[in-house]
Amino acid sequence: MSRYNFRETEAKWQTVWEERRVFAAADDGPQPKYYVLEMFPYPSGRIHMGHVRNYTLGDVVARYMRARGFDVLHPMGWDAFGMPAENAAIENKVHPAKWTYANIDHMRGQLKSMGLSYDWSREIATCDPSYYRHEQKMFLDMLAAGLAYRKESWVNWDPVDQTVLANEQVIEGRGWRSGALVERRRLSQWFLRITDFADDLLESLALLERWPEKVRTMQDKWIGRSDGARIFFKLTNSPSGVADSIEVFTTRPDTLFGAAFVAIAVDHPLAAALAQQDSKLSRFIAEAGHLGTSEAAIETAEKKGYDTGLRAAHPFIPGHALPVYVANFVLMEYGSGAVFGCPAHDQRDFEFARKYGLPILPVVKPKDADVAAVGDAAYEGDGVLVNSQFLDGLAVDDAKAAAIEKLEELGQGRGETVYRLRDWGISRQRYWGCPIPIIHCAACGIVPVPERELPVTLPEDVSFDEPGNPLDKHPTWKHVTCPTCGGKAVRETDTFDTFFESSWYFARFCSPQAPQAFSQKAIRRWMPVDQYIGGVEHAVLHLLYSRFFTRALRRCGYEMPAEPFAGLLTQGMVCHETYRDAEGRWLYPEEVRRDENGQMVKISDGSPVTVGRVEKMSKSRKNVVDPAAIIESYGADTARLFMLSDSPPERDLEWSEAGVEGVWRYVNRLWRLVTEAELPAAGTAMPNSLSQELIGARRAIHKTIKSVSEDLEKFRFNRAVAHIRELTNLLGELAERSPADSGKAWVLREGFETLIRLLEPLAPHLAEELWQQLGHGKLLAESDWPQFDPDLVIDEMVTVAVQVNGKLRGQIELPRDAGREEAEAAALALPAVAKLADGKPPRKVIVVPNRIVNVVV
RNA sequence: GCCCGCUUGGCGGAACUGGUAGACGCAACGGACUUAAAAUCCGUUGGCCGUAAGGCCGUCCCGGUUCGAGUCCGGGAGCGGGCACCA
């Protein structure tokens with residue numbers, strides 16, 4: 001019995017595809033374009049199962065669309081700047097560039113062993129000066145356009161990676177990469193004005209119809225738009241040298257008549273000014289500052305305020321003034337760093353008022369209540385305004401508008417919208433990143449590096465012996481002359497956040513060798529990405545930054561579409577069981593086995609092993625399976641098919657050795673079926689008459705074309721695999737069981753050819769090999785997708801279910817589209833139906849053509 | 001706390017816009033081939049009752065709409081994810 005030799009076959013076809021440049025994207029091709037892209041990898045050293053899943057999904061789409069007649073762009077590259085290279089430099093005394101390029105070489109080989117249909121001629125590495133020089137130019141353009149700026153501010157400092165992090169990179173108070181608790185530091189940093197596009201980024205989410213709802217919601221929440229009002233409260237008794245008013249942001253201007261106090265953040269400038277003359281206040285501020293930023297600390301922190309003694313005049317009630325507190329729950333970073341409190345209609349203000357004995361005046365009456373009353377909680381819902389002079393009787397929304405109108409009329413405030421989103425801090429105190437092309441001159445200030453001097457490249461002779469930024473400590477690199485005045489000056493030693501590189505790489509792929517960042521023609525040809533595929537973890541990182549970048553670049557005059565990614569598929573994680581030994585140490589899957597009694601034991605000494613939850617594969621838990629080992633022992637096609645067959649792409653996938661074995665058995669079964677079948681020569685005409693069985697088989701073949709096409713169209717790859725296997729089962733049975741004749745042989749050829757053609761996007765090497773075995777000269781990868789015969793996907797006879805009172809009681813065979821009377825008569829004739837009807841005529845008969853007859857008795 | 005999603009056999013999952021629940025696969029069990037094993041092939045496999053024909057129950061729970069509900073509506077539980085002193 002012959003076995004499929006994947007080792008030879010896969011290598012063979014990979015070479016053929018490469019030599020014939022089958023997957024080169026046609027810049028000037030005649031067909032409509034289709035750009036499919038997977039999130040490019042960080043070159044950490046070797047690919048993991050997450051990569052295998054991601055790139056398999058993308059490859060299926062790319063191969064399918066190519067077969068469907070599109071000119072496909074399917075590129076691959078390397079997100080090559082980043083911390084691990086520096087860590088490797090520190091640990092192994094190897095230069096980050098050398099380490100990175102060695103990893104790229106190794107991983108490229110691994111990707112090629114998967115048979116992915118990339119146009120490798122477009123490969124890019126972001127750490128290459130020929131790549132990053134363009135983003136230095138972009139940065140200078142953004143600077144000129146006012147989209148990049150420098151400011152001193154509180155930043156998130158990662159003490160382990162010794163660098164600053166953007167807000168998006170802080171997950172639950174910890175660095176997204178290091179996991180270290182983030183500290184606050186005040187530093188001068190470069191920012192990109194992403195907030196300038198907040199509204200557009202938010203509103204355009206509605207247009208991204210082919211994005212998962214989940215990701216859109218996450219971005220929506222992250223941008224966090226709030227509509228409300230800015231209100232100026234005049235201070236009636238502010239000491240000299242201190243501001244005489246406070247600006248407050250609120251989403252509830254309607255509740256202004258219920259205001260009981262004004263509160264400012266502990267780091268509000270006014271609080272700092274007051275603290276100069278008030279030692280108790282400065283102590284209060286110091287204590288509040290100690291409060292951690294961690295979730296738990298915030299959760300348990302008591303709402304505390306300090307009455308400054310200042311009084312703020314109510315904008316609508318002459319002579320009425322509110323106490324001004326410094327409060328630990330007011331955030332300087334949000335709104336204006338100051339709020340007014342309306343205890344009756346905000347739970348936090350309610351608690352604060354109770355604690356400090358402040359009045360609680362209800363101003364919103366719930367619709368179904370007789371009077372507005374103070375209960376034991378704030379009422380935050382809709383209703384009608386009361387106790388509010390000119391607002392009385394208005395609904396909340398109308399009252400908001402009326403209050404804003406009045407504020408504007410009085411010059412006491414104005415309508416305003418604020419966002420949670422903050423500008424993107426892009427400075428990183430690291431070596432292995434793109435240098436920020438700026439020179440600091442004592443005389444001229446901040447001076448952009450002149451364009452003719454780009455790229456600013458990294459020095460190679462750097463030392464990682466001490467902590468901190470090697471660029472800053474380099475003896476000569478940063479010392480330059482000022483391009484403006486010629487005096488002594490220093491380079492910016494910070495580098496860009498590595499999300500900078502990944503914010504435009506998809507556009508570079510369109511013309512990777514262009515002397516400028518992108519050729520206009522190439523952008524028009526290929527952008528936007530039609531289908532983007534990657535992990536959901538980038539929902540508010542990379543995916544938001546990239547959307548911002550296309551907008552910023554457009555404003556700077558670059559050719560760029562409105563949105564970078566028209567379609568998005570977020571794939572689930574690859575998971576595996578976890579194992580621990582008796583001491584609680586994690587074990588690799590290959591260190592354990594199931595013994596004769598079905599118990600999991602350690603292979604080395606037979607000691608018992610605890611099987612833990614199925615979790616995302618991670619090095620720390622050792623529940624990882626190395627794709628290289630799988631490809632080595634089963635081949636790429638088996639790994640690919642398994643990845644596709646068990647779960648829908650957006651759901652998590654549990655890696656199972658048994659499942660892989662099952663796919664491997666399938667691969668061999670198909671191999672044998674096709675290679676052992678006796679088939680007529682390719683192109684033989686269909687015999688004049690076929691038996692009913694063979695016509696049935698042909699129907700199944702053409703139905704499979706239809707359903708697999710639909711499945712691939714909708715990314716239901718697991719169903720596509722199921723349909724392919726179903727047809728395999730049918731053809732296998734036909735081959736073995738029915739008598740041999742020329743008709744059968746012909747149908748088998750049609751069946752196998754179809755099967756192989758449908759399988760190609762999923763398992764390309766096996767399909768290509770079998771295609772050749774069937775006598776085809778033309779490559780399958782260059783062949784068209786099959787068409788189904790419309791007559792064959794419609795059955796002549798249909799099975800109709802017969803129900804009595806909605807319960808299934810039998811089935812009848814009817815000609816397709818049989819009339820109501822015929823269906824009804826056939827159903828009533830069933831003994832089971834007659835029995836239940838008990839001789840009486842049915843009260844009602846519902847006939848759903850070709851589906852069901854329901855007899856109601 | 002707020003928002004979103006999910007819940008179907010032992011397991012992963014099918015079921016088009018309300019119309020025969022459990023496709024396809026994994027695991028398990030039985031059998032064939034074999035000296036034996038591997039490989040391969042055939043069969044069984046939601047639960048309960050029954051020798052059988054067949055019947056009853058069954059898509060997280062409770063209720064509703066409907067001739068008919070895994071699918072729609074109301075309420076609840078569990079799990080997962082996002083955000084979180086956001087004014």
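All values reported here derive from a predicted model rather than from experimental measurement. Chain naming here is simple, since letters A, B, ... match the order of the sequence lines and numbering starts at 1 in each.
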*A:Arg422 side chain: which of B:C85, B:G13, B:C86 is closest?*
B:C86
*Taking a pair as Watson-Crick or G-U wobble with both distances under 3.5 Å, which nucleotide is matched to B:C85?*
none
*Taking N and O atoms by type only, does the side chain of A:Lys221 place a donor or acceptor under 3.5 Å from a partner on the base of B:C3?*
no
*Taking A:Asn328 for the side chain and A:Lys303 for the main chain, is one N or O donor matched with an acceptor at less than 3.5 Å?*
no
*With both distances under 3.5 angstrom, what nucleotide forms a Watson-Crick or G-U wobble pair with B:G46?*
B:C57
*Select base, sugar-phosphate, or nothing to describe what A:Arg737 touches, counting heavy atoms under 4.0 Å on all strands.*
sugar-phosphate
*ring pair (Phe, Tyr, Trp, His ring centres under 6.0 Å) with A:Phe261: which of A:Tyr356, A:Tyr306, A:Phe352, A:Phe340?*
A:Phe352
*Looking only at atom P, what distance separates B:G70 and B:G58, rounded to whole Å?*
10 Å
*asked:* Is A:Arg420 close enough to B:A84 that one of its side-chain N or O atoms is under 4.0 Å from OP1 or OP2 there?
replied: yes
*For residues 654-665 of chain A, which residues have at least one heavy atom under 4.0 Å from RNA chain B?*
A:Ala658, A:Gly662, A:Arg665
*Expressed as a whole number of Å, how far does the P atom of B:A69 sit from that of B:G76?*
24 Å
*Please state the C1' separation for the pair B:C26 and B:U65 - nearest whole angstrom.*
39 Å
*Mind checking side chain to side chain donor-acceptor pair (under 3.5 Å) for A:His345 and listing every partner two or more places apart, or none if nothing turns up?*
none
*When the C1' atoms of B:G80 and B:A28 are considered, how many whole Å apart are they?*
30 Å
*Does A:Arg669 place a side-chain N or O at less than 4.0 Å from the phosphate oxygens OP1/OP2 of B:C41?*
yes
*In whole Å, what is the span from the CG atom of A:Asp346 to the C1' atom of B:A87?*
7 Å
_Options B:A87, B:G13, B:G19, nucleotide nearest the side-chain atoms of A:Arg651_ = B:G13
*Output every pair passing side chain to side chain donor-acceptor pair (under 3.5 Å) with a member in residues 332-341 of chain A, not counting sequence neighbours, ordered by first then second residue.*
A:Ser226-A:Tyr334
*Could you check how far CG of A:Leu256 sits from C1' of B:A87, rounded to whole Å?*
13 Å
*Send over the distance from A:Ile724 CD1 to B:A23 P, rounded to a whole Å.*
19 Å
_Side-chain (A:Asp346) to main-chain (A:Arg348) donor-acceptor, under 3.5 angstrom_ = yes
*Would you classify A:Val802 as touching base, sugar-phosphate or nothing, given that sugar-phosphate means primed atoms plus P, OP1 and OP2, and contacts are heavy atoms under 4.0 Å?*
nothing
*Decide ring-ring contact (aromatic ring centres under 6.0 Å, His included) for A:Phe6 and A:Tyr634; before the verdict, give the C-alpha distance in whole Å, the side-chain angles of both, and the deciding distance to 0.1 Å.*
CA-CA 8 Å; A:Phe6 65 83; A:Tyr634 296 99; 7.9 Å; no
_B:G43 and B:U8, which share atom name C1', separated by this distance in whole Å_ = 26 Å
*Residue mapping more 5' on RNA chain B - nearest nucleotide basis, A:Val330 or A:Val800*: A:Val800
*B:A84 to B:G19 separation - P atoms, rounded to the nearest Å*: 41 Å
*asked:* Between C1' on B:A87 and CD on A:Glu333, what's the gap in Å once rounded to a whole number?
replied: 13 Å
*Syn or anti for B:G58, with syn set at within 90° of 0?*
anti
*asked:* Working note: A:Phe232 + A:Leu407, criterion side chain to side chain contact (heavy atoms under 4.5 Å, CB included); need CA distance, chi angles, decisive distance, verdict.
replied: CA-CA 9 Å; A:Phe232 316 127; A:Leu407 284 167; over 6 Å; no
*Specify the separation, in whole Å, of atom CG of A:Asp646 and atom C1' of B:G12.*
5 Å
*Hey, does the side chain of A:Arg420 reach the backbone of A:Gly224 with a donor-acceptor pair shorter than 3.5 angstrom?*
no
*Are the side chain of A:Asn850 and the backbone of A:Asp817 linked by a donor-acceptor contact shorter than 3.5 Å?*
yes
*Can you list, by residue number, the residues of residues 725-734 of chain A that have a non-hydrogen atom closer than 4.0 angstrom to RNA chain B?*
A:Arg725, A:Glu726, A:Asn729
Enumerate donor-acceptor pairs with a distance under 3.5 Å from any side-chain N or O in residues 727-735 of chain A to protein atoms, sequence neighbours excluded.
{"residue": "A:Thr728", "atom": "OG1", "partner": "A:Tyr666", "partner atom": "OH", "Å": "2.8"}
{"residue": "A:Thr728", "atom": "OG1", "partner": "A:Ile724", "partner atom": "O", "Å": "2.7"}
{"residue": "A:Asn729", "atom": "OD1", "partner": "A:Arg669", "partner atom": "NH1", "Å": "3.2"}
{"residue": "A:Asn729", "atom": "OD1", "partner": "A:Arg669", "partner atom": "NH2", "Å": "3.2"}

*Below 4.0 angstrom from OP1 or OP2 of B:G55, is there any side-chain N or O of A:Arg809?*
yes
*Using a 4.0 Å heavy-atom cut-off across all strands, classify A:Ser336 as base, sugar-phosphate, or nothing.*
nothing
_For A:Thr195 versus A:Leu421, what's the shortest heavy-atom pair and its separation?_
CG2-O, 3.4 Å
*RNA chain B: A:Glu736 or A:Arg348, which has the more 5' nearest nucleotide?*
A:Glu736
*Output the single nucleotide from B:G13, B:C41, B:G81 whose closest atom is nearest the side chain of A:Arg672.*
B:C41
*Opposite nucleotide pairing with B:C72, Watson-Crick or G-U, both atom distances under 3.5 Å*: B:G64
*asked:* Taking only the C1' atom of each, what is the distance from B:C67 to B:C72 in whole angstrom?
replied: 16 Å
*What's the CH2-P distance between A:Trp671 and B:A39, to the nearest Å?*
21 Å
*asked:* Has A:Asn623 got a side-chain atom pairing as donor or acceptor with A:His576's backbone, closer than 3.5 angstrom?
replied: yes
*Between B:C57 and B:C62, how far is it from one P atom to the other, in whole Å?*
14 Å
*Under a 3.5 Å limit for both distances, which nucleotide forms a Watson-Crick or G-U wobble pair with B:U40, could you say?*
B:A32
*asked:* Under 4.0 Å, counting only non-hydrogen atoms across every strand here, what does A:Thr250 touch: a base, just sugar-phosphate, or nothing?
replied: sugar-phosphate
*Side chain of A:Glu615, backbone of A:Thr578: donor and acceptor closer than 3.5 Å?*
no
*Please give, in whole Å, the distance from B:U20 P to A:Ile812 CD1?*
14 Å
*Would you mind pulling out the nucleotide paired to B:G25, Watson-Crick or G-U wobble, both distances under 3.5 Å?*
B:C11
*Tell me: NZ of A:Lys303 to C1' of B:A84, nearest whole Å?*
11 Å
*How would you label the contact of A:Ser226 with the nucleic acid (heavy atoms, under 4.0 Å): base, sugar-phosphate, or nothing?*
sugar-phosphate
*Would you tell me whether A:Gln571 and A:Arg651 have side-chain atoms, one donor and one acceptor, within less than 3.5 Å of each other?*
no
_Minimum heavy-atom distance between A:Val847 and A:Ala823, given as atom pair plus value_ = CG1-CB, 4.0 Å
Please write out each protein N/O paired with an N/O of nucleotides 66-70 of chain B under 3.5 Å, distance rounded to 0.1 Å.
{"residue": "B:C67", "atom": "O2'", "partner": "A:Asn854", "partner atom": "ND2", "Å": "3.2"}
{"residue": "B:C67", "atom": "O2", "partner": "A:Asn854", "partner atom": "ND2", "Å": "2.4"}

